[in-house]
Amino acid sequence: MTPPAQDTTASLPTLLLMLPFLTALSILLGHKLLKGASVVLSIASAAICFVISLMLLDARDSAPMLLPFIEIGKFRIGLDAMIDQQSRGMMFIVTSIGLLVHLFSLGYMKEDEGKVRFFGSLSLFMFSMTGIVLAGNLFMMFIFWELVGLSSYLLIGHWFEKPSAAEACKKAFLTNRIGDFGFMIGILMLFMANHGDVSFSGLKGGFAEGPLHEMTQTHTLFMTLAALGIFMGAVGKSAQFPLHVWLPDAMEGPTPVSALIHAATMVAAGVFMLVRCSFVIEASPDAATIIAWIGGLTALMAALMATQQNDIKRVLAYSTLSQLGYMVMAVGLLAIQVSVNHHEAGPGHPAMFHLYTHAFFKAMLFLGSGAIIYACHHEQDIWKMGGLMKHMPVTFVTFAIGTASLMGVPFITSGFWSKESILGVGFEACRPLFWIGVATAMLTAFYMTRMFVITFLGKPRTESAHHAIEAPIIMVLPLVVLAALTVLSTFESFNRLLAAMIPNHAEDHPTVMIASIAALIIGSSVGFLLYRGKNSDPLNIKLFANKFYFDEIYAVIVKVLQDQLAWIVNGLERMFVDGIVARLPAFIAMRIGSAARILTGGHLQAYTFLLGAGVLMVIYLVVFVLPQLGH
Amino acid sequence: MPSLLFYLFALITLGFGLMVVLARNPVTSALSLAMSFVGLAALFISLDAFFIGTIQILVYAGAVMVLFLFIIMLLDIKAESDRKTNVAAIVGAIVLGSVLAVQIATVSAAHHQSDLTLNEAALNLVAAGNQMAATDKDLPTISKDLKAGILPDTKLMGLALFKQYGFHLQVMGLLLMVGTVGVVVLSKRDKEVAR
Amino acid sequence: MSPLEIVILLPLLAALAIWLGAPARATSVGAAVVNLVITLGLVFSFKAASAGKAGFAFESARIVLDNPAITFGVGADGVALILTLLTALVTFAAVWQIGDDKPAIYHIASLLIAAGALGAFLSTDVFFLYAFHELALIPTFLMIGLYGHGEPEHRKAVAWKTTIYLGAGSLILLAGLVWLVLEFSGGGKLTFDLQALRAQAALTPLPIEKQAQIFFVLLLGFGTLVSLFPLHSWAAPAYATAPTPVAMLHSGVLKKFGLYGLLRIALPLLPQGAQVAWVQEALLFMLLGNILVMGLVTINQKRLDDVLANSSVMHMGYIFLGLAAGTEIALRGAVLLMFAHGISIALLFALAGRMRNQLGTLEFSKLGGLGEHAPAFTVLFAFGAFASIGLPGLANFAGELMVFVGSFMNYGSTSFGPLQWAVIVSLWGVVMSAVYMLRAYRSLFHGSAMSGLFMRDPSFSQRLPLILLAAVLLIVGCCPWLLLNLIKSDLAAVVAP
Amino acid sequence: MSVFSIEVGLAILGLFLLALEAFMPAITRRTLAAISMGGVALAFLLFLLVNKSATQMPEFLQAYQQLDTLAIFYKGFSLLITFLVLWLTSQCAGYLSKYTVDGRLSEMFSLPLIVCAGMMWMAGAKDLVTVFVSLELVTVSFYVLVAFARKSALALEAGVKYLILGALSTGILVYGIAWVYGATGSLTFEGIAKALANPETVKLPVLLGAALLLAGLGFKVAAAPFQMWVPDVYQGAPIPVTTFLSVGSKAAGFVILTRVIDTFFIQGSLIASEVHGLLLIGGALTVLLGSLPAIFQTSVKRLLAYSSISHAGYLLLALSAHGSTRLDLSAGGVVAFYLATYLPMTVLGFLVLAILRINGGGEDVTDFRGLAKRSPLLAFVMTVALASLAGLPLTAGFMGKLFVFLGLVDQTAWGALAAAVVGAAAGFYYYFKTILAMYTSDSSSSSQPIPLNLWTKAGAVALAISIVVLGVYPRPLQSMLMESPATASAAAH
Amino acid sequence: MITLSHYLVVSGILFALGLAGVVARRNIIIIYMCLEMMLSAANLTLVAFSRFHVLAGLPDYSAQALVFFTITVAAAEVAVGLAIIVALYRSKQSVEVESVTKLQG
């Protein structure tokens with residue numbers, strides 16, 4: 001039973017994939033022996049993976065087979081990698097931010113007694129994320145899809161004693177699982193349509209001239225459903241509109257987790273996968289429009305919600321939601337461009353480029369907020385902070401760079417370029433969505449300036465804010481590095497160096513530029529004027545603060561559709577199925593049995609009568625009845 | 001055997017049979033059973049089964065009835081007080097009896113020899129006698145009577161019993177032996193009364 | 001004397017020795033270990049042993065009756081070997097896990113149930129395949145009746161219901177098997193030998209309609225033993241009230257006999273039986289009942305053992321889905337799923353049993369926050385729980401994936417047949433299983449600890465078998481091809497490739 | 001030295017023992033038991049050794065006794081069951097003497113010998129007269145045996161009931177024989193078979209005769225409409241007599257029933273389909289009336305009575321599968337096989353019951369409580385017996401049921417099959433009630449261990465082993481029963 | 001003229017009468033008498049059939065031999081029966097059917 005032979009080019013990706021897994025496994029098994037060493041082990045593995053991903057940057061495209069999974073005759077599901085520009089870029093993001101988060105959490109989690117378990121789960125996450133990035137076929141993608149869900153469950157639920165964290169991790173996993181339900185249906189439909197080959201190259205070939213080609217003409221509904229199925233996987237993972245409720249609650253996890261998973265990498269996996277299977281979406285125009293609209297709506301809605309949040313991490317969480325909406329909208333719009341307007345797709349992809357830039361500054365913002373929380377003795381409410389500019393200068397500077405890039409300050413920030421490319425595509429493909437994009441940009445500017453002003457400017461509102469001092473060096477260093485990366489990623493050459501899939505800037509329509517700059521100015525000025533020197537929130541919009549009451553709606557749905565239905569079904573099953581199949585025959589047998597017992601009632605006269613009657617019956621049966629029946 | 005006599009004896013048998021069932025006093029039913037057996041014996045004789053007829057009277061009417069009377073007297077069983085007559089049992093009995101009788105009647109009508117009279121089923125004694133003389137020499141008396149046209153029923157019966165069914169006779173002996181032992185065991189007086 | 005006969009007879013002899021007074025725990029654990037070692041030896045040497053011939057490996061046969069030719073024949077192909085490995089593992093864990101305070105009958109009953117299962121999996125004769133399974137009826141009955149959980153009246157009622165239900169089910173099965181054997185022996189001599197029947201089936205297959213009828217009767221018979229939906233009401237109370245070793249063995253191992261029977265007897269001999277329209281729809285209706293109805297029922301449960309018991313009934317739906325699909329991939333997926341479900345449910349019941357011993361109750365409302373004081377226990381339970389909800393990397397996922405993929409093998413067509421719709425609905429079952437298992441996990445291990453009720457971690461020696469089971473789940477989860485390569489192509493490919 | 005001489009020898013030994021008691025009152029029970037058991041054992045040994053070819057019978061018996069495989073099997077069977085009953089009587093002697101007149105038990109040791117002779121003659125009977133004569137010998141002896149322990153009111157009551165109903169069934173039997181004779185003109189089985197084969201025999205009278213004959217025999221084997229006496233008589237009679245009735249008398253009844261059915265199912269017989277219908281309906285009814293009321297029984301002895309009724313039902317169903325040639329065993333062969341498996345389990349059940357009774361226990365299921373503590377061997381042995389009665393595989397009971405199921409499915413008698421399944425399913429309940437009681441130990445049960453002497457232990461274990469061996473390796477039994485199919489069903493085909 | 005069916009009908013009625021008596025009466029001795037009546041009815045049928053079944057010019061004596069054995073058996077049966085009835089009377093002071101109802105269920 002030796003696994004099939006491996007070719008040499010696969011050794012690097014295999015190491016990249018297996019190293020974190022082995023680290024996680026050794027931490028699980030030997031955490032008593034390793035004690036402190038496990039933390040070092042996990043950081044070492046993150047560092048090695050970063051180095052390997054750098055080496056991979058200039059490797060040529062290849063699709064090596066890494067590990068066998070299921071092999072029956074010619075049917076084969078295997079862990080085979082697919083190294084191309086997109087995966088190399090993403091790999092760089094994952095490993096770099098992963099390493100920085102490892103370092104940051106070294107400080108952040110110093111006095112947490114579950115530290116060993118935390119780093120074990122982090123390594124498990126790195127393993128699953130690498131699996132998604134390198135995945136060569138949809139099955140492998142699905143496998144690591146669920147593993148990522150598991151690691152987010154472990155990390156969110158790290159402080160499982162807190163009931164809120166326990167609920168949050170359960171909610172995250174279940175929402176992901178609902179997304180995976182749709183994802184698997186999509187995969188199975190493609191599996192069926194493409195004669196069993198769901199590797200990306202096989203699917204691309206299928207759509208080009210294989211069985212799927214004429215399928216797109218003849219069975220549009222089938223292809224649309226397949227595309228939407230695949231999209232549902234992304235909705236679950238990247239927290240798009242119907243299944244977005246778990247991301248804000250995921251803030252229950254430690255901040256480094258939020259930074260790594262819920263800002264940069266995991267939530268981006270959905271967009272990464274959509275871009276990977278863009279040819280599936282391009283195959284059905286109405287799927288593309290649906291995707292675009294869901295992206296747009298999510299972006300707008302999340303932005304509206306963010307305006308009324310008081311917890312620093314929640315604001316950032318909603319901003320991530322909004323930016324993800326942008327990326328999904330970009331995927332949809334580009335698909336519309338290709339399928340409806342028959343533009344041939346350019347080299348890069350606006351969604352990937354925005355994902356790329358967003359990863360850096362959003363991770364930096366989250367780590368910054370982590371430093372602030374750490375400094376203010378785990379205080380998360382921005383209204384209890386204030387005036388931190390003086391107390392925490394370095395964090396202030398990095399935070400400012402991040403905010404600027406997020407708001408999309410024109411020309412000097414990477415955020416601007418990536419947002420610009422999306423709005424550009426939006427302008428041509430679908431005008432209404434373009435205006436929604438602009439509105440979201442404005443809102444983004446508004447709530448970021450609001451947060452920035454409340455936290456850093458003005459006077460410290462509480463004691464802890466007053467005594468806040470700069471976070472230790474181990475936590476500030478990653479901030480600085482990330483700030484540097486954010487700044488660098490505005491330059492074309494740096495991005496090309498890091499294979500960041502930059503779309504070529506076809507000359508956009510001037511209104512795009514003007515609209516985005518106007519949105520920025522209006523949003524930030526209103527935010528600045530409204531919140532400067534205030535000690536409480538002037539606006540009080542219940543609808544946004546309570547997140548459009550989605551949590552309550554979903555709770556009702558779950559309660560009615562599942563718990564009460566379960567109670568009813570349980571009762572019915574006990575009464576009918578158990579009753580009819582088990583208790584009824586037993587009752588009948590008992591009834592007949594007790595009736596038959598009267599026959600042996602002890603009276604001799606009854607016996608003689610019965611015997612006589614028996615004889616008569618036998619005679620009647622044999623002599624008169626059976627001959628007629630011709631039995 | 002004129003048919004009148006047959007009906008007379010049939011009437012006696014069935015009448016007294018009914019008396020046995022209906023009589024209140026066990027002695028009357030015992031005696032009516034005896035009379036019924038006598039009627040039955042007469043029917044046997046009408047069927048040329050003289051030996052069986054006499055045995056019927058000797059064993060049944062004689063020994064068995066005497067035994068019954070003896071037991072009735074010994075146990076001094078009074079007439080059945082008719083306070084609690086079990087109506088259901090009687091109705092059941094009547095139904096059973098009539099249904100059985102109807103069934104038997106229909107079947108006996110269907111019997112292939114049912115309309116054969118005694119004369120038609122005549123016995124050919126002389127031929128039997130010659131045939132008997134031819135086959136086994138050591139039974140001259142039977143073949144002599146047969147040739148003379150009279151039916152030596154008892155002799156033929158003896159022949160059948162001791163020649164064909166000798167083994168069964170021994171078993172009957174064994175059975176009677178067991179019967180007597182049973183009687184002794186079951187009715188011997190015990191020192192104290194059974195619990 | 002083929003090694004398989006030793007594997008079957010060893011637990012029987014051990015049980016007899018214990019009954020005659022040998023030290024209970026030592027003998028039973030010894031027998032279980034030896035059995036495990038032999039089975040592992042067989043697994044590793046299986047490739048060589050079965051290289052040449054198509055049929056069974058490690059064969060031996062002893063004629064027991066002439067006219068209905070019955071032979072005590074043993075033989076193992078890939079499927080039987082996998083299930084024997086499952087039995088050996090679960091028996092080892094179940095027997096090891098019995099506390100010293102428990103009477104010797106615990107060991108005897110577990111060994112008898114194990115022997116019954118092993119005999120059923122390894123015999124190549126329909127008679128003994130059926131007969132060995134019934135060996136476990138009285139031990140299960142006595143153990144649930146005498147040593148089950150809950151007050152005596154409830155225990156006895158559950159014992160009665162289980163025994164009579166299984167008894168009636170096996171009688172219906174007997175009628176089905178007898179009809180099958182009679183149909184196949186045509187004019188000639190009656191034979192119960194599987195290979196002869198299979199040759200006969202290949203030679204002169206039965207008319208389709210008769211195949212469907214016999215298949216349906218067998219389905220009812222085997223279905224009752226496997227708790228197929230309408231015939232399942234004995235299973236949940238039985239596993240919930242049974243003492244831990246019996247629950248582990250019965251739900252983990254013995255329940256698989258029904259599926260193994262369908263796989264070994266019904267499918268090869270009645271290939272079109274399952275594909276006939278009315279049988280297919282009936283089967284799909286029943287297994288969806290298993291998945292959806294029992295899924296909802298499990299969500300409604302308030303105790304851990306009820307959740308585990310009902311979930312084991314629900315998971316049978318997926319395996320039946322594999323059988324209904326009937327393609328090569330789906331059938332192998334079903335076999336893998338049998339193995340994986342057996343290991344994971346045995347692990348969970350062992351842990352539940354340990355929890356009940358220490359805490360006295362398994363009510364969710366009364367427990368909470370156990371994670372803090374019993375980390376090892378929590379990790380082991382996590383392994384079992386996440387395996388049972390089909391997390392990739394653990395054994396169940398590969399099986400479920402192959403079952404689902406196997407049902408979508410009608411390449412090129414874009415319309416969904418009943419089978420495909422059934423798969424889509426059972427995919428939602430996967431979500432439901434995540435709901436109830438995570439709710440259980442959350443209310444037991446997460447959140448704040450209840451007053452005074454907290455668990456200590458089991459000692460290393462007590463944890464050993466549980467770690468073994470968890471390790472098996474992980475190994476088979478990561479490399480399912482280890483087991484799949486055992487099943488050669490002789491597993492009847494019923495429908496498309 | 002022929003088989004007949006063995007039978008006569010037994011009868012004479014019986015008479016001798018009766019006489020011995022009379023002339024030497026001082027003789028102890030133990031010596032009487034030893035003589036009679038020794039005699040039967042010797043007879044069994046001789047029977048095994050003696051040359052059993054048909055020609056070897058004395059000439060005057062050639063017309064009335066046949067020695068085919070079935071006859072040989074049932075003669076051996078009668079010897080075996082008589083020996084076991086005598087052994088059982090010697091076990092219970094002490095306890096039984098409390099209920100008999102002046103504590104004397106001699107008849108309990110001598111009458112079984114005569115009954116055994118009677119049963120052996122029944123096994124070989126070739127015509128209705130021999131059947132009637134030997135049947136009556138057995139029945140009258142049973143009248144005496146059942147009412148033997150007449151100081152116990154229950155035994156007397158059982159005796160009366162058996163007497164009245166037995167006499168009634170004898171009357172019906174004779175009337176049946178009369179009508180069969182009337183319709184076919186012959187009393188021997190071959191004569192009847194020939195008459196049934198030729199088409200112009202009138203059908204109706206033969207049917208009436210057959211119905212009455214089967215009704216008479218039905219009573220003897222406890223078939224459905226005539227089974228109401230069985231529970232009362234089995235409960236009232238002393239345990240050895242009940243065992244004898246439940247196994248010996250039933251087997252003898254079935255051997256005659258097999259002969260009669262073989263005759264009725266002769267090639268081209270007029271009444272084959274009617275009798276087949278009766279057997280199916282009767283068998284199914286017997287199984288149901290035997291197993292469903294048993295659910296409510298609390299006395300184990302009465303439970304075993306119902307089990308004997310339900311097993312009679314299965315035997316009837318086995319007989320109904322007359323046409324099938326799929327099994328080497330003819331229908332009669334299957335019945336013999338089933339009875340061979342039925343013997344050890346029933347005797348074992350009654351043995352354990354007797355031992356419990358001797359040690360002061362009652363017959364109720366509650367008296368079995370805690371038996372596993374008091375004597376693990378007894379509990380284990382009883383579990384094996386009950387499992388086999390319930391028909392669990394790997395026990396003898398299952399093999400019998402398997403043949404019955406094979407027969408039923410082969411003739412596609414689905415209704416009867418359903419009844420058989422329901423009966424067996426109910427069986428799981430009422431047989432396992434006792435098993436559960438044995439292994440539950442609570443305060444109410446007396447807990448001092450039960451002393452078992454060596455012989456009892458050996459006997460119980462031997463019976464248990466025979467149950468398991470017959471269940472797992474029934475080949476020798478089948479080959480014995482199928483030795484010369486030609487003679488076995490000469491009359492039939 | 002008297003035909004075979006006359007005899008059969010008479011014996012049939014007698015048999016039915018006996019059966020009715022057995023079921024109707026409560027006194028066990030009377031029941032026993034009716035049983036004897038049924039037996040002798042059966043004998044009548046046997047004799048009738050043997051007479052009408054002429055074998056080589058003579059009635060078929062094997063049937064009459066059977067009648068003889070039936071009578072002997074009846075005698076033995078009566079002996080044992082009455083012994084049991086006496087024993088019953090001694091212990092229950094009654095020969096009514098109601099006295100034997102303890103065994104039931």
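Please read these numbers as outputs of a predicted model, since none were measured by experiment. Just so we're on the same page: letters track the sequence lines, and every chain starts at 1.
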Neighbour count >12 (heavy atoms, 6.0 Å) for atom CZ, A:Arg574: no

Output all donor-acceptor pairs under 3.5 Å across chain A and chain E; consider backbone as well as side chains.
{"from": "A:Thr600", "atom 1": "O", "to": "E:Gly105", "atom 2": "N", "distance (Å)": "3.2"}
{"from": "A:Thr600", "atom 1": "OG1", "to": "E:Gly105", "atom 2": "O", "distance (Å)": "2.9"}
{"from": "A:Gln605", "atom 1": "NE2", "to": "E:Val23", "atom 2": "O", "distance (Å)": "3.2"}
{"from": "A:Gln605", "atom 1": "NE2", "to": "E:Ala24", "atom 2": "O", "distance (Å)": "2.8"}
{"from": "A:Gln605", "atom 1": "NE2", "to": "E:Arg25", "atom 2": "O", "distance (Å)": "3.2"}

Interatomic spacing from CG in E:Leu19 to CG in A:Leu611 - rounded to 0.5 Å: 8.5 Å

Heavy atoms of other groups near A:Phe587 CZ, more than 12 under 6.0 Å: no

Summary of ring-ring contact (aromatic ring centres under 6.0 Å, His included) pairs that have at least one residue in residues 9-30 of chain E, sequence neighbours excluded: D:Tyr175-E:Phe15

